[in-house]
Amino acid sequence: MTTSARPLSVAVIGAGMAGRAHAAGYRNVNTVFDAGLPPIRLAAIADANIALGEDAARRYGYEKALPSWEAVAEDPTIDAVSIVVGNDLHRPIAEALVAAGKHVLCEKPLAGTLEDARAMAELERGADVVTAVGYTFRRSPAIAAIRDHVLRDELGDLTLFSGRYWCDYATDPKGPLSWRFKGGPGSGALGDVGAHVIDTAEYIAGPITAVSGATLSTQIPKRPLPLGAVVGHNAAPVSDELGAVENEDTASFTARFESGLVGTFSVSRTAFGLPNGLSFDVLGVGGRAAFDQHRPAEYLFDGAQPDARPSGARQIIAGPNLPYFKGGYPMEAPGVGGGNAEMFTYQARSFLDQVAGVAEPLPSCATFAGALRTMEIIQAVVESSGQGGTAVDVPPAV
């Protein structure tokens with residue numbers, strides 16, 4: 001582990017939309033919660049798009065921009081690295097970083113294929129460094145509070161989990177054919193946004209043991225080829241030539257949890273008017289809770305009341321009584337927080353707490369093995385869809 005005697009040096013590989021969120025998170029880790037981390041050296045941001053990398057380095061105060069991930073792996077002064085690039089690159093980059101003795105925080109999904117994900121989980125087992133995966137929604141104060149309600153049995157025996165992640169970033173048929181639209185069934189909306197809602201479901205309600213009734217569909221089967229680099233979900237100049245979309249725009253399935261709980265799931269990247277629509281309801285015999293990422297500073301809760309007359313769902317506004325909030329916001333007052341940037345800061349802090357061996361760390365990040373499990377669930381959904389919706393078992397949680 002890195003000691004507090006010297007600065008902890010961090011780098012980000014990938015200067016796009018999510019890469020910048022990681023970069024900002026590292027910049028802010030020593031502004032939240034208690035002392036304990038050493039000073040953070042913002043060493044480098046690497047991207048093959050040099051102009052994009054230089055812009056990100058300038059914006060977030062990093063010392064330099066590097067033209068390749070190899071340059072990060074070869075720099076002996078860098079301690080910890082976020083991998084925030086196309087899924088197919090996760091495995092080779094992680095292998096090189098671990099071989100170089102660097103701690104790794106990898107964006108979800110873990111890899112581009114199940115084979116690569118299994119190799120990364122095996123790599124983790126033999127690694128002498130911290131390896132972690134970014135499931136950012138675990139850091140939402142509202143979602144963490146709902147999980148606490150479930151753990152304290154305040155909803156009673158759970159009866160239904162219904163999760164959705166509906167986005168609109170792929171509704172425009174003129175949008176460029178980026179890497180997000182390649183890779184085969186399961187690597188589209190399921191791998192991109194479905195990984196988040198699956199992880200959230202297991203985080204709240206426990207392990208999924210089987211899936212069934214799966215359907216995958218593609219609403220826009222061809223897209224124009226880009227004329228240059230595509231950053232995030234942004235529009236880009238395109239040619240008149242069309243290429244085939246290789247993965248799903250929309251998916252739905254049901255799940256059985258280890259507890260016997262039933263879950264229903266749907267994910268889409270062609271859901272008009274919903275820019276970032278992660279939402280879910282969790283119901284039990286004694287209560288219910290609901291969350292919508294478009295209203296991230298609140299959640300709904302309904303539980304047993306001594307008087308039936310005022311019963312009904314209550315709007316809980318995020319404040320210092322919720323996880324992560326106290327010490328995690330500059331203004332510790334209800335109703336002033338609940339954003340994406342804070343979750344990335346808490347995630348980065350958790351990862352670096354593990355790296356630095358902080359005495360009282362935040363709850364740890366997901367492991368490569370945990371993220372492999374999410375990919376195994378996604379694979380089971382793909383198999384169920386290919387078999388007309390039949391039930392497919394998920395390997396037991398390790």
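Since the model is a prediction, treat every value here as computed from it, not as a measurement.
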Quiz item: Which pair of non-hydrogen atoms, one from Gly273 and one from Asp168, has the smallest distance, and what is that distance?
Solution: N-OD2, 3.5 Å
Quiz item: Taking it one step at a time, do Arg20 and Leu52 satisfy side-chain contact (heavy atoms from CB on, under 4.5 Å)?
Solution: CA-CA 10 Å; Arg20 292 179 181 227; Leu52 189 69; 3.4 Å; yes
Exercise. Applying salt bridge (Lys or Arg N to Asp or Glu O under 4.0 Å), run through Asp55 and Arg58 and close with a yes or a no.
Key: CA-CA 5 Å; Asp55 181 68; Arg58 176 188 62 80; 2.9 Å; yes
Practice problem: Report the C-alpha separation of Ile40 and Val29 in whole Å, then their side-chain angles, then the decisive distance to 0.1 Å, and conclude whether the side-chain contact (heavy atoms from CB on, under 4.5 Å) test is met. | Solution: CA-CA 8 Å; Ile40 303 302; Val29 288; 3.6 Å; yes
Practice problem: Return yes if a side-chain donor-acceptor contact under 3.5 Å exists between Asn276 and Tyr165, otherwise no. | Solution: yes
Exercise. For Arg139 and Ser350, test the side chains for any donor-to-acceptor distance below 3.5 angstrom and give the result as yes or no.
Key: yes
Quiz item: Taking the six-membered ring for Trp, are Phe265 and Phe253 ring centroids under 6.0 Å apart?
Solution: yes
Exercise. Begin from the C-alpha positions of Val193 and Leu278 and carry the test side-chain contact (heavy atoms from CB on, under 4.5 Å) through to its verdict.
Key: CA-CA 8 Å; Val193 296; Leu278 171 70; over 6 Å; no
Exercise. May I ask whether Leu352 and Leu42 are part of the same hydrophobic cluster, defined by side-chain heavy atoms of I, L, V, M, F, W, Y residues being less than 4.5 angstrom apart, directly or through others?
Key: yes
Exercise. Could I get the full list of ring pair (Phe, Tyr, Trp, His ring centres under 6.0 Å) partners for Tyr329, not counting sequence neighbours?
Key: Phe325
Practice problem: Could you list the residues that satisfy ring pair (Phe, Tyr, Trp, His ring centres under 6.0 Å) with Tyr135, not counting sequence neighbours? | Solution: none
Quiz item: Salt bridge or not for Asp88 and Lys182, using N-O below 4.0 Å?
Solution: no
Quiz item: Counting heavy atoms not belonging to Asp148, are there more than 12 under 6.0 Å from its CG?
Solution: yes
Exercise. Assess the side chains of Thr254 and Ser212: does a donor N or O sit below 3.5 Å from an acceptor N or O?
Key: yes
Exercise. Taking all heavy atoms of Ala121 and all of Phe368, pick out the closest pair and write down the distance.
Key: CA-CB, 4.1 Å
Exercise. Sort and list the pairs that fulfil side chain to side chain donor-acceptor pair (under 3.5 Å) and have at least one residue in residues 331-345, not counting sequence neighbours.
Key: none
Exercise. Please answer: with hydrophobic residues joined when any side-chain heavy atoms are less than 4.5 Å apart, are Val197 and Leu300 in the same cluster?
Key: no
Exercise. Return the minimal non-hydrogen interatomic distance between Gly337 and Ala318, and the atom names on each side.
Key: O-CB, 4.4 Å
Practice problem: If a pair satisfies side chain to side chain donor-acceptor pair (under 3.5 Å) and one of its residues is in residues 388-398, list it, with sequence neighbours excluded. | Solution: Gln387-Thr390
Quiz item: Taking side chain as C-beta onward, heavy atoms only, is Phe257 less than 4.5 Å from Thr209?
Solution: no
Quiz prompt | Nearest non-hydrogen partners of Phe351 and Cys365, listed with the distance | solution = N-SG, 3.9 Å
Quiz prompt | Test item: Ile78 and Val10 side chains (from C-beta on) under 4.5 Å apart, heavy atoms | solution = no
Practice problem: Check side-chain hydrogen bond (donor to acceptor under 3.5 Å, both in side chains) between Ser9 and all other residues, then give those that pass, not counting sequence neighbours. | Solution: Arg41
Quiz item: In chain order, what residues pass the side-chain contact (heavy atoms from CB on, under 4.5 Å) check against Pro296, with sequence neighbours excluded?
Solution: Gln293
Quiz prompt | Spatial distance of atom CD (Glu124) from atom OG1 (Thr367) [nearest 0.5 Å] | solution = 4.5 Å
Self-check item: Pairing residues for Lys222 by the salt bridge (Lys or Arg N to Asp or Glu O under 4.0 Å) criterion, not counting sequence neighbours
Solution: none
Practice problem: Report yes or no: does Glu248 contribute a side-chain atom to a donor-acceptor pair with the main-chain N or O of Gly188 at less than 3.5 Å? | Solution: yes
Self-check item: Heavy-atom pair with the smallest gap, counting every atom of Ala380 and Val394
Solution: CB-CG2, 4.0 Å
Exercise. Report whether Val129 and Val355 are members of the same hydrophobic cluster (ILVMFWY, side-chain heavy atoms less than 4.5 Å apart, transitive linking).
Key: no
Quiz item: Do Ser385 and Glu383 have side-chain atoms, one donor and one acceptor, less than 3.5 Å apart?
Solution: no
Quiz prompt | Spatial distance of atom CG (Leu322) from atom OH (Tyr299) [nearest 0.5 Å] | solution = 5.0 Å
Quiz item: Do Thr215 and Ser252 have side-chain N/O donor and acceptor atoms under 3.5 Å apart?
Solution: no
Self-check item: ring-ring contact (aromatic ring centres under 6.0 Å, His included) contacts in which one or both residues fall within residues 191-214, not counting sequence neighbours
Solution: Phe137-His196
Quiz prompt | Contact check, side chains of Leu190 and Leu216, non-hydrogen atoms, under 4.5 Å | solution = yes
Quiz item: So does Glu376 pair up with Arg373, basic N to acidic O under 4.0 Å?
Solution: no
Quiz item: Among all residues two or more places apart in sequence or in another chain, which pass the side-chain contact (heavy atoms from CB on, under 4.5 Å) test with Ala24?
Solution: Tyr60
Quiz prompt | Sequence neighbours excluded - side chain to side chain donor-acceptor pair (under 3.5 Å) pairs with any residue from residues 26-36 | solution = Tyr26-Ser82
Quiz item: Is it the case that Arg223 places NZ or CZ above or below the six-membered ring of Phe181, under 6.0 angstrom from the centre and within 45 degrees of the axis?
Solution: yes
Exercise. Salt-bridge test for Lys102 and Asp75: reply yes if a basic N is under 4.0 Å from a carboxylate O, no otherwise.
Key: no
Exercise. Consider only side-chain N and O atoms of Ser268 and Thr250, and report whether a donor and an acceptor are under 3.5 Å apart.
Key: yes
Self-check item: Candidate pair Arg118 and Glu115, rule salt bridge (Lys or Arg N to Asp or Glu O under 4.0 Å), full reasoning
Solution: CA-CA 5 Å; Arg118 286 172 175 157; Glu115 178 185 2; over 6 Å; no
Self-check item: Steps toward side-chain hydrogen bond (donor to acceptor under 3.5 Å, both in side chains) verdict (Asp199, Thr374)
Solution: CA-CA 7 Å; Asp199 180 72; Thr374 305; 4.6 Å; no
Practice problem: Output all residues satisfying salt bridge (Lys or Arg N to Asp or Glu O under 4.0 Å) with Arg288, sequence neighbours left out; order by chain, then residue number. | Solution: Asp302
Self-check item: Gap separating the CG atom of Asp192 from the CG atom of Asn87, nearest 0.5 angstrom
Solution: 7.5 Å
Self-check item: For Pro224, all residues meeting side-chain contact (heavy atoms from CB on, under 4.5 Å), sequence neighbours excluded
Solution: Val238, Leu242
Quiz item: Any chance the side chains of Gln219 and Thr270 put a donor and an acceptor closer than 3.5 Å?
Solution: yes
Self-check item: Smallest separation among heavy atoms of Asp79 and Pro7, with atom names
Solution: OD2-O, 3.9 Å
Quiz item: Just wondering, more than 12 heavy atoms not from Trp166 lying within 6.0 Å of its CH2?
Solution: no
Quiz item: Between the side chains of Ser162 and Asp281, is a donor N or O closer than 3.5 angstrom to an acceptor N or O?
Solution: no
Quiz item: Would you say Phe301 and Leu155 make side-chain contact, with heavy atoms under 4.5 Å?
Solution: yes
Exercise. Check the side chains of Glu107 and His22 for a donor-acceptor pair under 3.5 angstrom, ignoring hydrogens and angles.
Key: yes
Quiz item: Just how far is it from atom NE2 of His149 to atom CZ of Arg152, taken to the nearest 0.5 Å?
Solution: 6.0 Å
Quiz item: Would you say Phe344 and Thr136 make side-chain contact, with heavy atoms under 4.5 Å?
Solution: yes
